[in-house]
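Inspection log for the structure reproduced underneath, given as structure tokens.
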Amino acid sequence: MDSDILASRTRIATTAQGATGYLTIDLAALGRNYRKLVSMLGPVRAGAVVKADAYGLGAERVARTLYGEGCRHFFVAQFVEAVRLRPALAQDAQVFVLNGLQPGNEIACAEMGIVPVLNSLAQWRQWSAAARILKRCLPAVLQFDTGMSRLGFPREERAELAAALRDGTNVEILFIMSHLASADDMDSEQNGEQFAEMSRIADEFPGFDISFANSGGVFLGEAYYGVLARPGIALYGGAPNAGEKNPMEPVVSLDVAVVQTRSVPAGAKVGYGGAHVTQRETRLATIAAGYADGLPRSLSDCGAVYFKGIRLPIVGRVSMDSATVDISALPEGALTFGSLVEVLGRHQTLEDIARDAGTISYEILTGLGDRYHRQYR
Ligand SMILES: *Cc1c(COP(=O)(O)O)cnc(C)c1O
């Protein structure tokens, strides 16, 4: 027993820093997912969307890996993300800020060599002013709203923008872009509607390269490609199209440690609110991850984890730092204090857990907390 404790103490000091959950990020699988998209896209370039810390996987590690695969266009959502990522990448990589800049960030952005996506005349004017102050031409991307009503020049601003471009400008437009709202649904009519609107925009703003497709868009077909695709979720192993077989390789697995096991009689209350009452004698395990670690509270009494391929249902409410699972399906003693259960892996995909939680893979990935020990393979 003493030697066990000693052995585990050595292990913790060297590898896992005392963490009770292990998030494994397979950078080789990430690379293969990128190459798969590249081969589908043919001559069209594949950028990478690495916003929200590369959907929770670590923007720097992810971006460097993809740079190694030939990716040169990296998209983040917010300027602060670009400020962190820019120095980690070689000069021939470009970092784009999808939300554009808040007023006042223009000079810092220009000086760091970060490229804003301009979404409105207001952002356009601010960026043009920065170019005048710095007395040089500044690069930018123009985003148009084609029917999502979220970001991008609205139709009403297009005429004034076109006039400003005709008058000559010290802003160099690298390409124009738009974003698909329903590309995950291959049958959605909105895809065709947005495509038609993008075609009208291409006529109004001739001569510019176009970037259109996100992950789902890559699978909608060539018409949606433009010259540069912007996949995110597919790189990280999420399904690009809902309801279709997922062609991407999983990148993330998550194993969480058991803190305690117990047997309770029929009629025992489990977890906050006593919301679950056992129907029979039940063996339970408490695992060291809760909603603060990204196990959504909506998995209460409906999600599961796995041990050696056996499904262990979550019983009662998911707590902040732990959740309780029913281990009665396992032989007694099979799972003990210190065992690891699979939250994401061979038996439970991102889509499985997202469906049980009533959400999408994106929210599961970006919610994975920072208390896990992250290991990159
Ligand atoms: C998030 C985002 C993407 C990537 O979308 P996925 O569905 O993850 O591929 C592409 N373009 C824009 C503008 C985005 O906001």
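Counting starts at 1 for both ligands and their atoms, following the listed order. In what follows, every heavy atom counts, from backbone to side chain, and hydrogens, waters and symmetry copies are set aside.
- Using a distance-only test at 3.5 Å, with no hydrogens or angles considered, a donor-acceptor pair links the side chain of Asp145 to the main chain of Gly147.
- Note: no N/O pair closer than 3.5 Å links Ala234 and ligand 1 by distance alone.
- For the pair Asn33 (side chain) and Glu249 (backbone), a donor-acceptor distance under 3.5 Å is present.
- For ligand 1, the polar-atom distance check against Gln143 finds no nitrogen or oxygen pair separated by under 3.5 Å.
- By the 4.0 Å N-to-carboxylate-O rule, Glu204 lies too far from Arg155 to be salt-bridged with it.
- Between the side chains of Asn214 and Tyr224, no donor-acceptor pair of N or O atoms lies under 3.5 Å.
- The aromatic rings of Phe96 and Phe75 sit parallel, their planes meeting at an angle under 30°, below the 60° perpendicular limit.
- If you look at Ser215 next to ligand 1, the close heavy atoms, those under 4.0 Å, come from the backbone and the side chain alike.
- Residue contacts with ligand 1 for Ile233 involve both N, CA, C or O and side-chain atoms from C-beta outward (heavy atoms, distance under 4.0 Å).
- Residue-ligand proximity: Met148 is placed with every non-hydrogen atom at 4.0 Å or more from ligand 1.
- A heavy-atom separation below 4.0 Å is found between Pro231 and ligand 1.
- Contacts with ligand 1 closer than 4.0 Å are made by side-chain heavy atoms of Tyr362 only, the backbone lying farther away.
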